[in-house]
Protein chains: 2
Amino acid sequence: MINELKSVPEPTLRRLPVYLHYLKDIYKAGKSEVSTTNIAGELKLDPTQVRKDLAYTGIAGKPKVGYDVEVLISTIEDFLNWNNLTDAFLVGVGNLGMAILGYNGFKKYGLNIIAAFDNDPAKIGREIHNVPVLPIEKLSDLIKRMHIHIGILTVPATEAQKITALMIQGGIEAIWNFAPASLKVPEEIVVENAGFTTSLAVLTRKLAEKLK
Amino acid sequence: MINELKSVPEPTLRRLPVYLHYLKDIYKAGKSEVSTTNIAGELKLDPTQVRKDLAYTGIAGKPKVGYDVEVLISTIEDFLNWNNLTDAFLVGVGNLGMAILGYNGFKKYGLNIIAAFDNDPAKIGREIHNVPVLPIEKLSDLIKRMHIHIGILTVPATEAQKITALMIQGGIEAIWNFAPASLKVPEEIVVENAGFTTSLAVLTRKLAEKLK
DNA sequence: AGTTAATAGAGAAAAATTTCTCGATATAAT
DNA sequence: ATTATATCGAGAAATTTTTCTCTATTAACT
Ligand SMILES: NC(=O)c1ccc[n+]([C@@H]2O[C@H](COP(=O)([O-])OP(=O)(O)OC[C@H]3O[C@@H](n4cnc5c(N)ncnc54)[C@H](O)[C@@H]3O)[C@@H](O)[C@H]2O)c1
Ligand SMILES: NC(=O)c1ccc[n+]([C@@H]2O[C@H](COP(=O)([O-])OP(=O)(O)OC[C@H]3O[C@@H](n4cnc5c(N)ncnc54)[C@H](O)[C@@H]3O)[C@@H](O)[C@H]2O)c1
């Protein structure tokens, strides 16, 4: 049990990146210390909740001052494993896949997309923002040979399960799924649905409630 | 109280679109009735939870059989207001903005993007997938004149607050924010963070826990 | 040095959410 | 008709998450 990571409530996990963005902002603005009263006030949360959330990362604060912003940032990043680059493959170089490849920001979140895959001959062989597009047939084998842990899924929903199977066949550990589909995977595979539609549901329902 | 919409737990709201995708799949496959035992089994949830979630939409099921798939689909869609098209503006025609404009799917979710805005002269005046790109200076005024309720934010995080202010000035009701930034808005404005990073945090942490 | 103010952190309480239990009911089989 | 079975729906119980309360600690002020 000594080396086992405490399991964290998902709501906490959802809030940590929010704190991180705020912390980086104030760090850039020159603040070196911050209290939970402070964070909570800005983000409209309860200070105790922020303290409980931060406690999961193991950081210690000082009464009367709060936390060292720089230390807090790197503690959260460590906690999320965003300080270690993890190699990832992306499958489906369409509208969304290209946008993700074109986004430089993921390295800041520990994600290093080293290859993309597609079944469209017009796309195979090209490079999108320095990432080579390879034929889908090579996916399983390359996951295995390169020990890739994370697969990003940006194919149409109808193809999602098929590609998932290929990823699992290659030994993938985690799938970041952007397709509006519920993937069937064995127990031990981590799946996170990026869920545009989930987010949109919250928006549209709240708007409907608001407009009575 | 008679016309007031019940406020729904957010976890429920998050699961409803998941049910919807599954329901559409089995409907296409020819199934006309489905039980919560069934749904829960496929999606690895608790049947009671599925029943409680569905109860929020007001639908009634039949003992021994379950629910009528077609009715259930449209009941959930009504509940989320996805059967009524709502006009929306998008701001920030970059990698992600273009991908969203290129995605035909949002109409299925009640979202009708009728114009996009940018401050890059190279983009202004163009049409991306039949959506005109207009100068950012016109944003506030057009929101007001066209009574736009939903704004989609896909500008860099550094610009997010500025554009938010413009939207609010125009009288926007809800903002779907894709930038990694916490927007400051008045109480009554609905903000939903699409949160790539939030989703990624859940993924990377679970993976870290798994790999010990 | 003593006093005051702000805040961390721990534990208790409250609220929200999930899971369990059970009776009622519709369907199918005998 | 009777019986067996699957499932809904309501309420209770358990669990998880959030909020409250209090004490100890640190820093600034007098
Ligand atoms: N574009 C968006 O803004 C957006 C928003 C929400 C959700 N999504 C979801 O993301 C996914 C991709 O959307 P998109 O707009 O990029 O679609 P797209 O059609 O532009 O891209 C899909 C890509 O996948 C490739 N592909 C298809 N079948 C394949 C297979 N069997 N093997 C390998 N490659 C295959 C296609 O060649 C294409 O390049 C879809 O599931 C969509 O629902 C997209
Ligand atoms: N591309 C992705 O996959 C991705 C993933 C996660 C998050 N995001 C976030 O989405 C946002 C957009 O990302 P992107 O990759 O599309 O960036 P991008 O730089 O490609 O696009 C930004 C667009 O916004 C426009 N813009 C900038 N300032 C503006 C202003 N003041 N008024 C009007 N328009 C303005 C730019 O001209 C550009 O067209 C960013 O906040 C990014 O962090 C993107």
Side-chain angles (χ1 to χ4, degrees), chain A residues 5-19 22-23 26 31-73 75-76 79 198 201-202 205-206 209, chain B residues 5-19 22-23 26 31-73 75-76 79 198 201-202 205-206 209:
Chain A
L5 293 179
K6 232 182 312 180
S7 125
V8 193
E10 260 203 39
T12 293
L13 224 33
R14 288 217 153 76
R15 284 186 296 264
L16 286 175
V18 178
Y19 302 150
Y22 173 68
L23 293 169
I26 63 172
K31 280 194 81 176
S32 62
E33 281 165 336
V34 69
S35 72
T36 55
T37 315
N38 219 304
I39 299 174
E42 282 300 313
L43 305 179
K44 292 184 182 160
L45 298 169
D46 185 274
T48 314
Q49 181 169 72
V50 178
R51 247 175 275 146
K52 285 249 150 82
D53 286 343
L54 297 185
Y56 279 101
T57 69
I59 197 171
K62 272 196 216 167
K64 179 86 181 185
V65 272
Y67 303 81
D68 182 284
V69 176
E70 195 171 6
V71 174
L72 188 46
I73 288 174
T75 302
I76 296 176
F79 186 75
T198 285
V202 176
R205 174 66 195 182
K206 283 189 182 165
E209 282 181 10
Chain B
L5 293 180
K6 230 183 315 180
S7 125
V8 194
E10 259 204 40
T12 293
L13 224 33
R14 287 217 156 75
R15 283 186 297 265
L16 286 175
V18 179
Y19 302 151
Y22 172 68
L23 292 168
I26 63 172
K31 280 195 82 176
S32 62
E33 281 166 335
V34 69
S35 72
T36 55
T37 315
N38 220 305
I39 298 174
E42 282 301 312
L43 305 180
K44 293 185 181 157
L45 297 169
D46 185 274
T48 314
Q49 181 171 72
V50 178
R51 245 175 276 145
K52 286 249 151 83
D53 286 342
L54 298 185
Y56 278 101
T57 68
I59 196 171
K62 273 195 217 169
K64 178 87 181 183
V65 272
Y67 303 80
D68 183 283
V69 177
E70 196 171 4
V71 174
L72 187 46
I73 288 174
T75 302
I76 295 176
F79 186 75
T198 285
V202 177
R205 175 67 195 183
K206 283 189 181 165
E209 283 182 9

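To find a chain, count down the sequence lines: A is the first, B the second, and so on, and within it residues start at 1. Being a predicted model, the structure only gives us computed values, none of them experimental. We use all heavy atoms of the structure for the numbers below, so side chains are in, but hydrogens, waters and symmetry mates are not.
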Distance col, row B/L72:CG vs B/T57:OG1, nearest 0.5 angstrom, shows 6.5 Å

Could you check whether B/T36 gets within reach of a base, just the sugar-phosphate, or nothing at all, counting any heavy atom under 4.0 Å? sugar-phosphate

Does a side-chain N-to-carboxylate-O contact under 4.0 Å join A/E33 and A/K64? no

Would you mind telling me which residue lines up with the more 5' stretch of DNA chain D, A/D46 or B/I59, judged by nearest nucleotide? B/I59

Nearest-Å distance for atom pair OH/P, residues A/Y56 and D/dT16: 10 Å

Mind calculating the distance between NZ (A/K44) and P (D/dT18) to the nearest angstrom? 19 Å

Rounded distance in Å - CG (A/L45) to C1' (D/dT17): 13 Å

Between A/E10 and B/R205, does a salt bridge (charged side-chain N to carboxylate O under 4.0 Å, His left out) hold up when you go through it step by step? CA-CA 10 Å; A/E10 260 203 39; B/R205 175 67 195 183; over 6 Å; no

Taking atom P of C/dT27 as reference, at what distance in whole Å does atom OH of B/Y67 sit? 15 Å

If I compare all heavy atoms of B/L23 with all of B/I76, which pair ends up nearest, and what's the gap? CD1-CD1, 3.8 Å

Out of C/dT18, D/dC20, C/dA6, which nucleotide sits closest to the side chain of A/K64? C/dA6

Return the value, rounded to whole Å, for the distance between atom CD of A/E10 and atom P of D/dT16. 14 Å

Nucleotide D/dT25, atom P - distance to CD of A/E33 in whole Å: 19 Å

Candidates C/dT18, C/dT17, C/dT27 - which lies nearest the side chain of B/R15: C/dT18

Closest to the B/S35 side chain: C/dT18, D/dC8, C/dA8? D/dC8

Position toward the 5' end of DNA chain D (nearest nucleotide), A/P11 or A/R51: A/P11

Take atom CG of B/L54 and atom C1' of D/dA10, then tell me their distance rounded to the nearest Å. 15 Å

Applying a 4.0 Å non-hydrogen cut-off, can you work out what B/T48 is touching in the nucleic acid: base, sugar-phosphate, or nothing? base

So, does A/K62 get its side chain near the phosphate of C/dT7, meaning an N or O under 4.0 Å from OP1 or OP2? no

Let's see if you can work this out: which of D/dT18, D/dA27, C/dA8 has an atom nearest to the side-chain heavy atoms of A/Q49? D/dT18

When the distance from CG of B/D68 to P of D/dT7 is rounded to whole Å, what number comes out? 16 Å

